[in-house]
Amino acid sequence: MQVEVEGRTLTISNLDKVLYPATGTTKGEVLHYYAQVAPVLLPHLADRAVTRIRWPHGVQGNSFFEKNTPAGTPSWVRTHEVPTTGSRSGKGEGTIRFPICDDLATLTWLANLAALELHVHQWQVDEDGTPRNPDRLVIDLDPGEPAGLHECARVALLVRNALAERNVACTPVTSGSKGLHLYAPLPGELDSDGTTALAKEVAEGLQKAHPDLVTAAMTKAKRPGKVFLDWSQNSGSKTTISPYSLRGRERPMVATPITWDEVEEGAEDELALEQFDFEDVLARVEEHGDLFEA
């Protein structure tokens with residue numbers, strides 16, 4: 001069927017198709033979620049090239065990453081060709097034509113394609129599509145079993161202190177999967193290599209100070225029972241799930257901004273902190289507004 005979204009005409013299909021069998025969540029409910037959360041989501045997608053992970057047959061089926069705009073992309077969708085030379089991709093010269101999701105119509109179009117996950121870089125593009133220096137740093141706290149969110153919360157407090165020593169503040173976001181993401185706004189003076197070096201410095205410092213709890217090593221064999229501080233997502237070619245994006249997990253979980261009070265409670269009590277689903281997130285936005293912006 002055709003719908004009007006902010007003056008754009010879109011064809012929406014298969015609203016009753018179940019995308020999350022465990023909860024019976026349909027594409028129509030996914031579209032509704034993204035429409036409801038758009039006021040707090042879109043500011044964090046603005047001017048960022050969006051990589052999508054699509055589940056056309058639901059999360060029980062196969063998924064695929066999509067960077068380039070697909071065939072049939074509406075002419076009104078903002079797109080930019082981004083160079084893939086050097087550290088921005090690690091794959092030699094070339095370009096990728098990314099969509100930029102800065103309005104509800106584009107967000108609705110992506111959701112209708114079953115693009116459940118929206119991943120973005122830590123840099124934005126200028127009006128002509130030229131990548132700027134990163135405006136934020138991200139550290140992904142990834143627990144190795146049997147470690148979980150409790151251990152991530154403990155490590156998040158350590159990261160917060162380490163960044164504070166460098167006069168940098170950060171905001172916590174549950175990943176919607178297993179761990180936590182910590183974002184720190186930056187003035188744009190460092191390039192991606194510089195922000196990667198800063199994140200790695202923090203990670204390796206905490207690994208040295210807390211070797212039983214923290215690892216900065218990429219080797220998965222070194223992660224069991226520890227929290228891996230993934231500093232590499234600051235590379236110019238890497239992306240991180242956007243705050244407020246759904247995840248393609250068994251249940252419709254969401255990357256959810258939280259407060260430091262919640263992190264502190266999670267560090268003290270193993271059961272105090274958990275991942276949030278899309279209904280939880282809409283209720284939290286209604287109550288608190290955009291905690292990520294704050």
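None of these values were measured; they are calculated from a predicted model.
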message = Restricting to non-hydrogen atoms, name the atom on H121 and the atom on S237 that form the minimum distance, rounded to 0.1 Å.
response = CE1-O, 3.7 Å
task = Step through the shown structure and confirm whether more than 12 heavy atoms of other residues, nucleotides or ligands are within 6.0 Å of CD on E145.
result = no
request  = For the residue pair E117 and W55, establish whether any side-chain heavy-atom pair is separated by less than 4.5 Å.
outcome  = yes
Closest approach of L163 to A184 (non-hydrogen atoms, all atoms of both residues) = CD1-CB, 4.4 Å
request  = State, with a plain yes or no, whether a side-chain heavy atom of L110 is found less than 4.5 Å away from one of C101.
outcome  = yes
query = Would you say L282 and L42 are hydrophobically clustered, going by side-chain heavy atoms of ILVMFWY under 4.5 Å?
reply = yes
ask   = Would V77 and T69 satisfy side chain to side chain contact (heavy atoms under 4.5 Å, CB included), going step by step from the backbone distance to the final call?
value = CA-CA 9 Å; V77 171; T69 52; 5.5 Å; no
query = Does H80 reach the main-chain N or O of R97 with its side chain, forming a donor-acceptor pair under 3.5 Å?
reply = no
message = Salt bridge or not between D103 and R78? Use side-chain N to carboxylate O under 4.0 Å.
response = no
message = Quick check: do L118 and R52 have side-chain heavy atoms less than 4.5 Å from each other?
response = yes
request  = Apply side chain to side chain contact (heavy atoms under 4.5 Å, CB included) to the pair N234 and V138, showing each step before the final yes or no.
outcome  = CA-CA 6 Å; N234 296 281; V138 64; 3.8 Å; yes
note = When rounded to the nearest 0.5 Å, the distance separating CD of E127 from CG of D47 is 8.0 Å
Side chain proximity check, H181 to P243, heavy atoms < 4.5 angstrom = no
query = Does any N or O in the side chain of D135 come within less than 3.5 Å of the main-chain N or O of G188, such that one atom is a donor and the other an acceptor?
reply = no
query = Is the side chain of R8 donor-acceptor paired with the backbone N or O of T106 at a distance under 3.5 Å, no angle test?
reply = no
inquiry  = Looking at R249 and G176, would you say the former's side chain and the latter's main chain have a donor-acceptor pair under 3.5 Å?
reply    = no
request  = Kindly check if the number of other-residue, nucleotide or ligand heavy atoms within 6.0 Å of CG (D128) is above 12?
outcome  = yes
message = Looking at K27 and N112, would you say the former's side chain and the latter's main chain have a donor-acceptor pair under 3.5 Å?
response = yes
Whether T196 side chain and S235 backbone form a donor-acceptor pair below 3.5 Å = yes
message = For a quick test of reading the model, state the closest non-hydrogen atom pair linking P252 to T23 and the distance between them.
response = CD-OG1, 3.5 Å
Same cluster (ILVMFWY, side-chain, under 4.5 Å), L41 and M253 = no
message = With rounding to the nearest 0.5 angstrom, report the CG to CG distance, L157 to L182.
response = 9.0 Å
Other residues, nucleotides, ligands: >12 heavy atoms within 6.0 Å of D126 CG = yes
query = What closest approach, in Å, do L104 and A35 show between heavy atoms, and which atom pair accounts for it?
reply = CD1-CA, 3.9 Å
key: Residues D142, K178; criterion side chain to side chain contact (heavy atoms under 4.5 Å, CB included); working and verdict   = CA-CA 7 Å; D142 184 9; K178 296 184 298 181; 3.7 Å; yes
task = Verify, without hydrogens or angle tests, whether N161 (side chain) and L158 (backbone) share a donor-acceptor contact under 3.5 angstrom.
result = no
query = Can you tell me how far the CG atom of L180 sits from the CD1 atom of I139, to the nearest 0.5 Å?
reply = 12.0 Å
ask   = Any sub-3.5 Å donor-acceptor pair from H150's side-chain atoms to G266's backbone N or O?
value = yes
Side-chain donor-acceptor contact under 3.5 Å, Q122 with T240 = yes
message = I want to check something: taking the side chain as every heavy atom from C-beta on, are Y33 and T25 in contact at a cut-off of under 4.5 Å?
response = no
ask   = Does atom CD of E6 have more than 12 heavy-atom neighbours from other groups under 6.0 Å away?
value = yes
Sub-6.0 Å ring centroid separation between Y183 and H44 = no
query = Rounded to the nearest 0.5 Å, how far apart are CG of D280 and OG1 of T174?
reply = 9.5 Å
Any V168 side-chain heavy atom under 4.5 Å of L137 side chain = no
message = When you group the ILVMFWY residues by side-chain heavy-atom contacts below 4.5 Å and let the links chain together, are L107 and I241 in the same group?
response = no
message = Less than 4.5 Å apart, side chain to side chain, heavy atoms only: is that true for Y20 and V30?
response = yes
ask   = Any ion pair linking E279 and R251 (charged N to carboxylate O, less than 4.0 Å)?
value = no
query = Any sub-3.5 Å donor-acceptor pair from Q124's side-chain atoms to A46's backbone N or O?
reply = yes
query = Quick check: are there more than 12 heavy atoms from other residues, nucleotides or ligands sitting under 6.0 Å from CD of Q60?
reply = yes
query = Would you call D193 and K200 a salt bridge, using N to O less than 4.0 angstrom?
reply = no
request  = Looking only at non-hydrogen atoms, find the nearest pair between P257 and L291 and report the distance.
outcome  = O-CD1, 3.6 Å
message = Rounded to the nearest 0.5 Å, what separates atom CD in Q233 from atom OG in S192?
response = 13.0 Å
message = Restricting to non-hydrogen atoms, name the atom on A38 and the atom on P43 that form the minimum distance, rounded to 0.1 Å.
response = O-CD, 4.0 Å
query = Under a single-linkage definition using a 4.5 Å side-chain heavy-atom cutoff for Ile, Leu, Val, Met, Phe, Trp and Tyr, are W260 and F276 assigned to the same hydrophobic cluster?
reply = yes
ask   = Roughly how far apart are N133 CG and L190 CG, rounded to 0.5 Å?
value = 7.5 Å
task = Answer yes or no: does atom NE2 of H288 have more than 12 heavy-atom neighbours from other residues, nucleotides or ligands under 6.0 Å?
result = yes
query = Hey, is the main chain of A49 close enough, under 3.5 Å, to the side chain of W123 for a donor-acceptor pair?
reply = no
task = Flag the pair Q36 / V285 as yes when at least one side-chain heavy-atom distance between them is below 4.5 Å, and no otherwise.
result = no
Connected via hydrophobic side-chain network under 4.5 Å: V120 and F64 = no
task = Please assess T108 against Y34 for the test side chain to side chain contact (heavy atoms under 4.5 Å, CB included), listing each intermediate value before the final yes or no.
result = CA-CA 7 Å; T108 303; Y34 274 124; over 6 Å; no
